[in-house]
Amino acid sequence: MTDWLQHLPVLPILVPLAVAAALIPIDERERTLKGSIGFTSTVIVFVVAVILMATAGEETLPGAGVYQLGNWPAPFGIVLVVDRLSALMLCLTSGLALAAQVYSMARWHTAGHHFHSLLQLLVAGVNGAFLTGDLFNLFVFFEVMLAASYGLLLHGSGPLRVKAGLHYIAINLAASSLFLVGVSLIYGATGTLNMADLSTRLAALAPEGRMLVETGAAVLGIAFLVKAGMWPLSFWLPTAYAAATPPVAAIFAVLTKVGIYVIIRLNLLVFGTAAGASAGFGQSWLLAGGMATIAFGAVGVLASQAMGRLAGYSVLVSSGTLLAAIGLGHQEMIAGALFYLVSSTLTIAAFFLLIELVERGRDAAADVLAVTMEAYGDFDENEEEEEVGVAIPGTMAVLGLCFSLCAVLLSGLPPLSGFIAKFTLLHGLFDVPTAGQARTISAADWTYVALVILSGLAAMIAMNRIGIRTFWASIEGTIPRVVVIEITPVVVLLAACVFLSFQAGPAMRYMQATADDLLNPAGYGERVLSAPRAGGQ
Amino acid sequence: MRAWFPYPLLSTALVLMWLLLNQSVALGTLLVGLVLSMVLAWVAVKLRPTRSHLNRLRRIASFGLRVSIDILRSNIAVAGIILGTRGQPVRSGFVSVDFDVEDENALALLACILTATPGTAWLEYDRRKKKLLFHILDLENEIAWRRTLDRYEAALKEIFQ
Amino acid sequence: MELILSAGIGALTASGVYLLLRPRTYQVVIGLSLLSYAVNLFIFGMGRLRVNAPPILEPGGVGDLAHHADPIPQALVLTAIVIGFAMTALFLVVLLASRGFTGTDHVDGREQRGD
Amino acid sequence: MLPVFLFAPFGGSLIAIFFPSDQRGATAWFAGAIALVCFLATAGLYPFVAAGNVLRYQLEWVPQLGLSVSLRMDGFAWLFSALITAIGVLVVLYARYYLNAEDPVPRFFALFLSFMGSMLGIVLSGNLILLAVFWELTSIVSFLLIGYWHHNAHARDGARMALTMTGMGGLALLVGLLLIGRVVGSYELDAVLASGDAIRNDSLYVPILVLVLFGALTKSAQFPFHFWLPHAMAAPTPVSAYLHSATMVKAGVFLLARLWPVMAGTEAWFWLVGLAGLATLVLGAYFAIFQQDLKGLLAYSTISHLGLITTLLSLGSPLAAVAAIFHIVNHATFKASLFMAAGIIDHETGTRDMRRLSGLFQYMPITATLAMVASAAMAGVPLLNGFLSKEMFFAEAIETHLVNILDTITPYVATIAGMFAVTYSLRFIHSVFYGVPPSDLPKKPHEPPRWMRAPVEFLVLACLVVGILPGRTIGPFLHTAVASILGDRTPHYSLAVWHGWNVPMIMSFVALSGGVGLYFLMRSYLATGIEGPPVFRLLKGQRIFERVLVTLSWKWARSIEQGLGTRRLQPQMLLLIILALTAGALPLLAHGFELPPLVIRGIDPAFALLWTIGIACAVGSALQAKFHRLAALVLLGGAGLVTCLTFVWLSAPDLAVTQLLVEIVTTVLILLGLRWLPKRIKEPEREDIPMRTRFRRLRDFLLAALAGGGMTLLAYTVMTQPASETIASYFLERAYSEGGGTNVVNVILVDFRGFDTLGEIAVLSIVALTVFALLLRFRPQADSLEAPEQQRLQNAFDAGHPDRAAGDSIAEYLHIPSAIMRWMFPVTAMLAAYLFLRGHDLPGGGFAAGIAMSIGFILQYMSGGTRWVEERLRIHPLRWMSIGLLVAVATGVGSWLFGYPFLTSHSQHATVPVIGKVPLASAILFDLGVFSLVLGATVLMLIAIAHQSVRAPRAHARGARAEKEAAQ
Amino acid sequence: MTELAILWSILLAQVMLSLAMAFALYRIVKGPRAQDRILGLDTLYINAMLMLIAFGIRTANTIYFETGLLIAVIGFVSSIALAKFLMRGEVIE
Amino acid sequence: MSHLTDLPSWAAIPVCMLLLLGAAMTLIGSIGLIRLPSFYDRLHAPTIATSGGTVLICLASMLCFAVLQSRWIFHELLIIFFITVTTPVTLMLLGQAALYRNRLEKPRDVPQTPGRPSKEDSQ
Ligand code: NA
Ligand code: NA
């Protein structure tokens, strides 16, 4: 009997990939079937992610959590590395995917073809990016993720999405070129693609080599920052996210985090303390860019008239907060940053799902469905666009409550996880180490504090304004027709935030352990590079 | 046999191609080539390319030789024209001839020959009027080309019956 | 060799980048293709240039870098070519769709002054 | 015990939501019961607290960060809890009768209970962060309560302003509390209270003070943040009575008192708190005089009284602190009753406008009497509770605390404010209850229901009892509270009604008589009915705030967003390129980059010539892409071809094969797309190009040149450096022995790095699906809907000649070529098979084979057209893709059976009879998946575009038919 | 001596072939009509194929042969696509 | 792996001659592409490369590898065959397209056959 559990790390990529492949030839009219299969797949991925999260970092033996694809050892073959951080991100991704999937099955998956396949492929791509320990493989999974995101963004077609999609794709294609240039430059200078190997080689590198690696990393960084949405590389983002169909926008909330994730990884692993003269490379740029992003995001949040754009700009605020936190370089903040990452992603995803439900009572959905209707020009599918959902009187109250929760979470008001996240970040910033000299609070620190607080205020003002307009001041709108499977994902995501708020202690323990892992790049390298091959060769 | 190799000529050509590609006449290669050519011929049936019957192998050989010589000659001639060794500008033009060959493949073969022969270029063929329009680089040879074409016509008619 | 290939990469990049900045979607798609050639050659060059040393072994043989070019960049370029092709196709279709919806082939979906 | 104070209200709130909306009484009973339970619990705890004990409860929340649910009840917290719960009970009773049947009553009580819980949370928090949590909760809940009648625009605006102000303050407070935590090393209140010296002496003291004060002053509506409170009066009166007099606004002064032991006593404190307090005291009172709205008057009066408390706390003396605490209680009592009375008046007459109200005494004598007593307490009339704390205030005002101007003017300001208080109190009573009987009131006035008045009666009674017998009634409770704040610094004080003729008494007398005089002096002015005080009327805080808010948060934000952002693609590309260039250049510059020596020797002239061609193609393509698309495409093909040759030249035959195949497919692809693009305009003359455009082109050209130069430099630098030790040797050594193939590149692709390939084919399938899905929705622009011009002309020609059938032109055109093209199909397939089978050992492989095969299909489509092919061949690209991906995954999974990780290859060379030695690497199977997927994806993409030519005209015709039918 | 002669003649052949490619490029750039450009591209492909064979001879390596063969078998596809586009305004009808 | 220098001179000389001749023919063809005045003239140019050039260079290759590797299988024949088969397709399509375009624009210069429309016809 083989130990099947050893293959868990590869499942979050394989299961959605295989399911996506199996879904492709199924007739589009069997959407519910496709959705159910996709749902099952995502549930499996979620369960696997939870198991990985529960076991990650428990054993620190060499090779723990390292999966050698093709049984080739690092740094030669591609390895998947499960640590607390990647397991956490897997969990987050599959959670969001579940929400988006369930939500889409009420109506949005009818807006175009192959929605469920694309969603599965997106999950596979994102999970791959989180798991891989190889730079070029990271590129490949970035592309899987991006390609799927293009497909999903364009899902439903229509002028707005296509226009936004064109910009999104053009910019990301250019960024992908940068990615390739960066990766290959690093390979040219070091002769390796494995991140752990890279981190061990960097310190011993001659100055010319180091120069090239840094150049490569800088170019690479730009590619990630485009994805992460750093100002001024992020103007496409609010438009694209606002144009996407709600379930897609919800899952997109995690895409920027992939960029952030990689930056955290590279920053702490490759350019960590062990990197010699290259330690902390690029941090000041992350700081400046992150702060500019918070400011721009907050301004955008204020300036948004539509909720979709507001949510898009909230994504930027979230990214900026994380980038600047990384840029500050305070080790005490990492755990807080991770908590913030999770909380803000869940919140924004819930908000994206909620927006359409709230606006449905007004007018927005009507034209979306119109596009849906005329789309099947050539394919006489005769799909009855039956009116889904019933107008339940309590709907408005539930939507209002959800909206309020989103507002509280986005503004970082107590007692929900948005607040805890901000608190943990600022606590880390102000923290006085138990042993050792207290760090003086620098001007950058103060600016960061001000930006974090003011961005919360901006979110509060904007959400307040838009909420009042929608729920309090609206002229007798029709009560939106909402079905249970649409509101459930919103509620579940928000409940996750609530849960995170009350279980902040255990959550922070996990984050702290994750941060400790990240701050110990040598341990990571040891684990990856000395993992034994299967079959004892 | 017909069922297995609906286009025997094609199958043979494919096997030959396979052997050349693999640069081997080993039995294994031959077998794989046979299987592949069989499968591919079946697929080709679906596209229903025009079937032609070739006969008179000797005629084919002499025709081939004749064509090769024509091509070689005109290669030299055209090279001369291009390099301007004749010292006068070239006079080129269109030539239209009656050409009565029904077989599509024969026409295709002719097209290949005319194209491969420098100095002549196949342009179009009117199926109703059985007229072939081609372009020649050196109009001074127009009569010779017309004669050559008549010869080709006869040869092709003979080969593709 | 290095000099010539670098110059070629530079020219391809410059042409590609110039086109990326242009207003017509068709220009952008051509630019992306040129840029992807440049990037592919760049990746390829990172394995250093070798003439007549393809990474193909004698049957049963063992290769080494003294007699064979670095195969890794080649494998990476192969992947990059495929992905580049896919993306060109995608971008092309999106620009067609955009043109269909907006009536213009301008990248912003509407004509801008002075383009 | 302590968690009850949180669980009961919050739990009750959750339950209350689900009460049916017509169950007004039941909901009120329920809420009242909860409040009563809380009150009784408080009362029950008194003996424990009175003994000087502190009741504690601790629950971990985020222990790592020092955040715990730590509750703590000392005397001061007890006093506040008692206030909150007692008045809470009364307000519930009152609200039961105040609310109408149409109002969503369950929501009201749910919010009310939440608010009570939050407020209790503030006073019971033993952890600063927990305090901040409840602090913001009160802001949020009060927002919802103020906006309870949200159909009313005033309610919405008032709610929004209250939330914005107090929320802002709360955020500042949070930072202040975090800083305290940093200084103290803990957020626990006990630790903080023990670290007064550390806090006051820390360099962060001033920032902390400013931040905390910002929180406290906004919450307590202190100048200059006072303006939100009057606008919060749009709330239902029970809310005003509870939040805006008795409890929430007290949170600010509560916090000041709570932190008083550790923060007060410094000069900064004195100035900042004192200035705010005094200004609020006098301005609030002054403004109150000129209000026409009953609740407005009470709101400004509240502001003024909170200013009084703040002033007391600013002084830094223990006695002042005692007075402050005492006044907190007194104010809560009389102001809550006054609000309720005002609410009764509003409820029974239909208006709160003092210009319309008059002579109500005869209609509601009991209410009037109660209101008069409460007003007197507010004015500081002797024998009422307000008098006592005001006397203490006057006594403290004349003391010298610090020698400065602020301290000097305090007594005068206090007296003047006292005078104003008398004036507005008198005005309230006189104008509402006396004078001519009211005319044109919306309702006929009468006494309220019995139980609606009961809370007022109770509170007024309390004013009287405390006013007459302070020592017996409030004394012990006050002492407990004071002792818990001041500890050993608790001063000796007496709560006697009569202290003899002393300065404070004289000040009171002056204030009383002066106030009465002032009222009669101002009667004529007040009779004009002008809203707001003279001079200051124009300076409306709320208006300014709104305008600033709109300007900052809307106008500026929008222009900044537009200025710093863009929705156009070109600027974004420009930025991306500039940033990438900068990012690439900085490390080079930082390391003092030096150009490696140029090596001219050894350059192959043929190769050099080749790249001259390549460069010309690239540049030409860039120049032609706008006006000569076909030329640009051809030149692009040229550049691709040179790239392909380069790969061959530099030992990468696999790349050359792939590049070539992709090149061909790309050309066909772009051509397929070109059909749907608009007709290209003629190239303008050079002179006609505007300057702007020329400048932009020059700029882009320079940037492009920089980018190209950068890439050249980098490439040259790396390529001329000796290679570092690379992982490639590992692959070269093991490709055959462990990977089972001689083509190392292919072994890498299907084995060593097979996972990359899996991802890569996933990308291909995603793109194919996307293209397919998008094209199903493709709507061509009108001008490209009809067939291209060439076809139209040729079709017209066929139609115009009787001897020709439709489609003859195309048939003749393709007649001979398609004969050849058809024969090429099996040839291409053979070639693909060859490429596939040799891939593992020689250049080729699944990908190349797949593309080659797809070219075979394309060729058939070109020769015969879409319908022709699809009538003959079954094309199921989606199935091929699906199978391909599944085969690839399944092959990888197969290795699990043997206990190896995903994609572990099993390479053997099996000897098959006759065929000979064949490679049996499972990698071949994987490659088969690649082949199938690539074939499917490529065919799908190309065919999906090609189908548009068939589809669009049909859809067009259908649309035209539908239009015609509609017209008939 | 023979060695040198071989090397030089191959070099010369390659230079001639690349010159031939350059001339084809000239036609692509110069036009004047689209058909000229397409003709130029087709020639460029053929010349490139011959260049590949020459390169094979130069390196005495048959590994590059398939690239040349591919041009011979399917290199014409892009040219005919262009030509058909010219004639019909559409590649696949 | 063998080297070209292993080639005995009896073989080397014909290989070089064939190669040079083939390259020269190809070059001449391409010169024709430049020098010939009209499109239809230029249509003949590449055929020198596809016939003469290809055959000669492939012969050189066949000879070279036959000697070097002592084998008698000439896969270069495939190249000769396929180039001969596929080039006509391009040239035919191209020539007809050019003819069609010219008939529309300058009907005088090219022969009018009923097979093709002209401006007058289409009006
Ligand atoms: Na010819
Ligand atoms: Na009055």
Side-chain angles (χ1 to χ4, degrees), chain C residues 2 4 6-15 17-21 24 26-27 30 33-34 37 42 45-46 48-50 53-57 59-60 62-65 68-72 74-75 77-79 81-83 85-86 88-90 92-93 96-97 99-100 103 105 107-108 114, chain D residues 568-569 573 608 611 614-615 618-619 621-622 625-626 629 632 636 643 650-653 655 658 662 666 669 673 676-678 690 692-693 700 704-705 707-708 711-712 715-716 718-720 723 728-729 731-733 736 742-745 748-749 756 760 763-764 767 771 774 778-781 941:
Chain C
E2 285 81 7
I4 293 164
S6 334
I9 292 172
L12 285 168
T13 310
S15 310
V17 166
Y18 180 74
L19 284 180
L20 281 193
L21 294 168
R24 303 284 147 201
Y26 184 76
Q27 289 175 303
I30 297 286
S33 298
L34 286 171
Y37 291 156
F42 184 86
M46 291 303 107
R48 312 302 190 269
L49 307 186
R50 302 286 298 275
I56 290 167
L57 313 174
V62 169
D64 58 68
L65 280 171
H68 299 279
D70 186 344
I72 294 179
Q74 298 194 14
V77 173
L78 266 177
T79 305
I81 290 177
V82 178
I83 291 178
F85 161 67
T88 307
L90 176 68
L92 182 85
V93 172
L96 294 185
R99 141 88 173 138
D105 63 341
V107 287
D108 293 327
Chain D
R568 299 190 45 207
L569 180 63
M573 278 289 187
W611 267 104
I615 291 172
V619 174
S621 185
K626 186 163 188 182
R629 290 178 188 147
L636 180 70
T643 307
L650 299 172
S651 319
L655 294 190
T658 312
V662 166
T666 307
L669 186 80
W676 301 102
L677 285 179
R692 227 175 103 107
T693 310
D700 295 347
M711 285 283 273
T712 304
Y716 190 69
V718 177
M719 289 192 289
T720 50
S729 348
F731 297 151
L732 284 168
E733 282 158 23
Y736 191 81
T742 55
N743 181 358
V744 186
V745 174
I748 291 179
L749 284 177
D756 276 349
E760 161 202 324
V763 171
L764 208 54
V767 168
V771 163
L774 190 61
F778 181 60
R779 281 196 303 194
Q781 195 56 31
M941 286 192 280

Quick one: side chain to side chain contact (heavy atoms under 4.5 Å, CB included) partners of R50(C), sequence neighbours excluded? A53(C), A69(C), S651(D)
Please classify the contact of M941(D) with chain C as side chain, backbone, both or neither, using a heavy-atom distance under 4.5 Å. side chain
If one checks every heavy atom of L569(D) against chain C at 4.5 Å, the contacting part turns out to be both
Given that the side chain runs from C-beta out, which part of L92(C) has a heavy atom under 4.5 Å from chain D: side chain, backbone, both or neither? side chain
Chain D contacts, top residue of L21(C), L78(C), I9(C) (heavy-atom pairs, under 4.5 Å): L21(C)
Do you know which of T666(D), L774(D), V662(D), T658(D) has the most heavy-atom pairs with chain C at a distance under 4.5 angstrom? L774(D)
Go through L650(D), L764(D), V767(D) and name the one with the most non-hydrogen pairs under 4.5 angstrom from chain C. L650(D)
How long is the straight-line distance from OH of Y37(C) back to OG of S15(C), given to the nearest 0.5 Å? 12.0 Å
ring-ring contact (aromatic ring centres under 6.0 Å, His included) filter on F731(D), not counting sequence neighbours, yields F752(D)
I'd like to know if the side chain of S621(D) reaches the main chain of A632(D), judged simply by a donor and an acceptor atom lying under 3.5 Å from each other, with no hydrogens or angles considered. yes
Would you please test L677(D) and R629(D) for side chain to side chain contact (heavy atoms under 4.5 Å, CB included) and show each step? CA-CA 10 Å; L677(D) 285 179; R629(D) 290 178 188 147; 3.7 Å; yes
Residue among L655(D), L749(D), N743(D) with most heavy-atom pairs under 4.5 Å to chain C: L655(D)
Top contributor to chain D interface from L65(C), V93(C), I81(C), V62(C) [non-hydrogen pairs under 4.5 Å]: V93(C)
Heavy-atom proximity to chain C below 4.5 Å, by part of P678(D): both
Between L57(C), T13(C), V77(C), the one whose heavy-atom pairs under 4.5 Å with chain D are most numerous: L57(C)
When you measure from the side chain of R99(C) to the backbone N and O of W676(D), does any donor-acceptor pair fall under 3.5 Å? yes
Report yes if some heavy atom in the side chain of L90(C) is under 4.5 Å from a heavy atom in the side chain of V771(D); otherwise report no. yes
With a 4.0 Å cut-off, would you call K626(D) and D105(C) a salt bridge? no
Under 3.5 Å donor-acceptor, R48(C) side chain and V718(D) backbone: yes
d(L49(C) CG, E2(C) CD) to nearest 0.5 Å is 4.5 Å
Where does L19(C) contact chain D at under 4.5 Å (heavy atoms): side chain, backbone, both or neither? side chain
Can you tell which part of L669(D) gets under 4.5 Å to a heavy atom of chain C, answering side chain, backbone, both or neither? both
Pick whichever of S6(C), G10(C), G63(C) has the most heavy-atom pairs under 4.5 Å with chain D. S6(C)
When the 4.5 angstrom heavy-atom criterion is applied to Y18(C) and chain D, the contacting part is both
Out of V763(D), I748(D), L732(D), return the one with the most heavy atom pairs under 4.5 angstrom to chain C. L732(D)
